[in-house]
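To keep things clear, I will list the structure first and then write my remarks on it.
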Amino acid sequence: NRMIMMREITVEDVRSFLNSMNVKLDIYGMVFADRKRCQETMRMLGINEIVAKNIVRSLDATDFSKYFDDTSQWGCDLWAFGKDVKGEEIYIKIGLGLPDRQTVCVSFHKADFPIQYPFK
């Protein structure tokens with residue numbers, strides 16, 4: 001059982017993550033977790049994975065919601081964001097994925113609860 005050192009996430013941390021994610025996205029692309037919910041949300045919004053990737057690419061620090069340093073399932077830290085897409089608040093959770101592999105989008109669905117935005 002490892003000790004988790006919680007620290008305050010800064011705007012610079014979020015920007016740094018997004019920069020790294022966008023570079024990696026350009027090189028390796030992005031995989032959406034094979035979850036029915038992601039596909040249903042894309043269908044509901046009338047978008048495809050290319051548009052969804054562009055939405056992820058457009059995220060900035062003000063869209064940031066939460067940081068998860070649990071690497072057990074995905075092999076990377078996960079970052080949660082919210083984005084208004086066609087009038088719907090969409091919850092997006094992404095990570096850099098494994099080295100030399102695609103970035104991962106774990107969640108891309110209508111928010112279950114109002115999202116908190118610490119930098120808005």
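Just so you know, residue 1 is the first one in the sequence shown, and it goes up from there.
In this structure, CG in Asn54 is found 12.0 Å from CD in Glu49, a value given to the nearest 0.5 Å. Leu96 CG to Arg101 CZ: the interatomic distance, rounded to the nearest 0.5 Å, is 14.5 Å. Rounded to the nearest 0.5 Å, atoms CD1 (Ile94) and CG (Leu18) are 6.0 Å apart. To the nearest 0.5 Å, atoms CZ (Phe17) and CG (Leu78) are separated by 8.0 Å. Going from atom OH of Tyr117 over to atom CD of Glu89 covers 3.5 Å, rounded to the nearest 0.5 Å. The OG1 atom of Thr41 sits 10.0 Å away from atom CD1 of Ile92, with the distance rounded to the nearest 0.5 Å.
Of the N and O atoms on the side chains of Ser16 and Asp13, not one donor lies less than 3.5 Å from an acceptor on the other residue. Side-chain contact annotation: Tyr67 with Asp77, donor-acceptor N/O pair under 3.5 Å present.
Closest non-hydrogen pair, Val56 versus Met21, comes out as CG1-SD, 3.7 Å. Across all their heavy atoms, Cys38 and Val106 have their closest contact at SG-O, 4.3 Å. In plain terms, the two heavy atoms of Val14 and Ala61 that are nearest each other are CG1-CA, 3.7 Å. Contact between Leu45 and Lys86 at its shortest, heavy atoms only, is O-NZ, 2.7 Å.
Within 6.0 Å of atom NZ in Lys120, more than 12 heavy atoms from other residues, nucleotides or ligands are found, so the atom counts as buried in its surroundings. The number of heavy atoms from other shown groups lying within 6.0 Å of NZ (Lys66) does not exceed 12. For Gln116, the CD atom counts as loosely surrounded, since its 6.0 Å shell holds 12 or fewer non-hydrogen atoms of other residues, nucleotides or ligands. The environment of CD1 in Ile50 is sparse: at most 12 heavy-atom neighbours from other residues, nucleotides or ligands sit within 6.0 Å.
Using a cut-off of 4.0 Å between Lys/Arg side-chain N and Asp/Glu carboxylate O, Arg57 and Asp26 are scored as salt-bridged.
Cluster annotation: Ile55 and Met44 are assigned to the same hydrophobic cluster (Ile/Leu/Val/Met/Phe/Trp/Tyr, side-chain heavy-atom contacts under 4.5 Å, transitive).
Judged purely by atom type and a 3.5 angstrom limit, Lys24 has no side-chain atom pairing as donor or acceptor with the backbone of Met30. Using modelled atom types, one side-chain atom of Thr103 and one backbone atom of Gly29 make a donor-acceptor pair closer than 3.5 Å.
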Test side chain to side chain contact (heavy atoms under 4.5 Å, CB included) on Val51 and Val85 and set out the steps. CA-CA 11 Å; Val51 174; Val85 181; over 6 Å; no
Assess the residue pair Lys93 and Phe68 against the criterion (side chain to side chain contact (heavy atoms under 4.5 Å, CB included)); give the C-alpha distance rounded to whole Å, side-chain angles, the decisive distance to 0.1 Å, and a yes or no. CA-CA 9 Å; Lys93 193 189 301 182; Phe68 303 86; 3.9 Å; yes
Show the numbers, then the answer: is there a side chain to side chain contact (heavy atoms under 4.5 Å, CB included) between Ile90 and Phe108? CA-CA 7 Å; Ile90 302 301; Phe108 188 96; 4.2 Å; yes
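Between Phe64 and Phe81, the ring planes lie perpendicular to each other; the angle is over 60°, past the 30° to 60° tilted range.
Counting heavy atoms from C-beta on, the side chains of Asp100 and Tyr28 come closer than 4.5 Å. Looking at Phe32 and Met42, their side chains come closer than 4.5 Å, going by heavy atoms from C-beta outward. No side-chain heavy atom of Asp112 sits under 4.5 Å from any side-chain heavy atom of Tyr91.
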